[in-house]
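Okay, so here's the structure we're looking at.
Values below: all heavy atoms of this structure, side chains included; hydrogens, waters and symmetry mates excluded. Numbering starts at 1 and runs along the sequence shown.
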Amino acid sequence: MEYQVKTYYNKESLPPLNDVKFFHYVSSFDWNKNISHYKPLMFIAFHDKKPIASMFALIMRINRFIHGSAFKRCYISQQPVFFDEDINKIEVFDLLISSLVKEVENKVFFIEYRNLNDAVFGYKGFRENGFYSVKWINVRNSLQRKRKIWEQLSSTRKNQVNKAKRKGVVIEELTSYEKLHEIYKLIAKSKNWKISNKFPPYKYFVNFFNYYITEGKGKILISRYNEKIIGGIILGFEQKTAYALYFWGKEKSYKTYYPTVFTIFSAMEIAEKEGYEFFDFMDSGYLNINAGKPRFLLQFGGKPKATRRWYRFNWRLLNFFAKKIYD
């Protein structure tokens, strides 16, 4: 079969596409629009003018005030969407990756592909296009087991959740746009918060509220104690999976209230009640389940799965040495 790949930089030019995978929704353009140092783009593979696969990517400047390719990165998350199950996915993915490299290699310094949830997916396409890999762990909880979420927790986590409840910590869903700026300002300006990932700009959350929460594609949950916000989590929804995009807790000031633990457990419990089958923390850390973030998350009852993050420096000499070190 002959395939053609086209690149799109705005939502309005896209052909009609179904939302299948969370990180490749058409609304990803809306989520990342009007942010000065973000440039979204999507690659679509066609066969006989019919879309058969799509892949969303995001170019980001590491500093909103400094331009030039040396200060730009390109990120892609999750396997692409395949609209036709009968196609050769390996061949199509190879074309998508080749198109990605050709499009951005002179525009960005670095390309990172993450959250693939499969250590061997796309191996051929990545290798042929000069990527190198680093082993990572994906942590995913099943919400469809006979044992409920509570029964899957470690004894330590159960004790921490119970202590938080006894002290009066409660979870609530953010449904008011007016409160969004207050919450964001509180978190972004404070050094007492433990945050799972680097916090994006405020407009990123405004767009998420307007195009995801209002459409039932996501939630923002916050934990309160005596009307004070002490924790929170942002969830994205895809069919039967809930993704933990960001979570945070005010661990220094409210250490004995276990804000992060309580928030994550409450989010998992809500996802379970709403019928989701999986709660995905995505790529959670390097391949070491006995330390750091993976160890913390595994005490909620999930299972570790080996995966890979794929990288490519667009400076050939630097990429050459990186491949020697990591491969």
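By the 30° and 60° cut-offs, the orientation of the rings of F109 relative to W315 is perpendicular. Ring pair F56/F29 is perpendicular by interplanar angle, where above 60° counts as perpendicular and below 30° as parallel. Aromatic ring pairs are classed by plane angle as parallel below 30°, tilted from 30° to 60° and perpendicular above 60°; the pair Y184 and F205 is tilted. Between Y276 and F237, the ring-plane angle classifies as parallel under the 30° and 60° cut-offs.
For Y311 and F110, the gap between ring centers is short of 6.0 Å. For an aromatic pair to be called close, the ring centres must be under 6.0 Å apart, and Y132 with F321 fails this. The six-membered or imidazole ring of Y258 lies away from that of Y254, with a centre-to-centre distance of 6.0 Å or more. A ring-centre distance under 6.0 Å is found for F265 and W150. With ring centers used as reference points, Y3 lies under 6.0 Å from H47. Ring centers of Y113 and F126: under 6.0 Å apart, within the cut-off.
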**Prompt:** Can you check ring-ring contact (aromatic ring centres under 6.0 Å, His included) on F262 and Y257, steps first, answer last?
**Reply:** CA-CA 8 Å; F262 178 80; Y257 294 79; over 10 Å; no

**Message:** Between S36 and K203, is the side chain to side chain donor-acceptor pair (under 3.5 Å) condition met? List the steps.
**Reply:** CA-CA 10 Å; S36 61; K203 186 63 177 178; over 6 Å; no

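Checked for salt-bridge contact, R73 and E112 miss the test: no charged N lies under 4.0 Å from a carboxylate O. Here R316 does not pair with E105 in a salt bridge; the nearest charged N to carboxylate O distance is not below 4.0 Å.
A continuous path of Ile, Leu, Val, Met, Phe, Trp and Tyr side chains, each step under 4.5 Å between heavy atoms, connects F208 with V206, placing both in one hydrophobic cluster.
At distances below 3.5 Å, at least one donor-acceptor pair connects side-chain atoms of Q79 with backbone N or O atoms of L116. Using a distance-only test at 3.5 Å, with no hydrogens or angles considered, no donor-acceptor pair links the side chain of N115 to the main chain of Q78.
Residue pairs meeting the salt bridge (Lys or Arg N to Asp or Glu O under 4.0 Å) criterion with at least one member in residues 35-56: none, sequence neighbours excluded. For residues 216-237, the salt bridge (Lys or Arg N to Asp or Glu O under 4.0 Å) pairs, not counting sequence neighbours, are D19-K217, E172-R224, E173-K219, K219-E274. Sequence neighbours left out, the pairs with a member in residues 156-181 that pass ring-ring contact (aromatic ring centres under 6.0 Å, His included) are Y177-F209, H181-Y202.
For the atom pair OG of S133 and OH of Y123, the computed distance is 6.5 Å after rounding to the nearest 0.5 Å.
Side-chain contact, S13 with N10: a donor N or O sits under 3.5 Å from an acceptor N or O.
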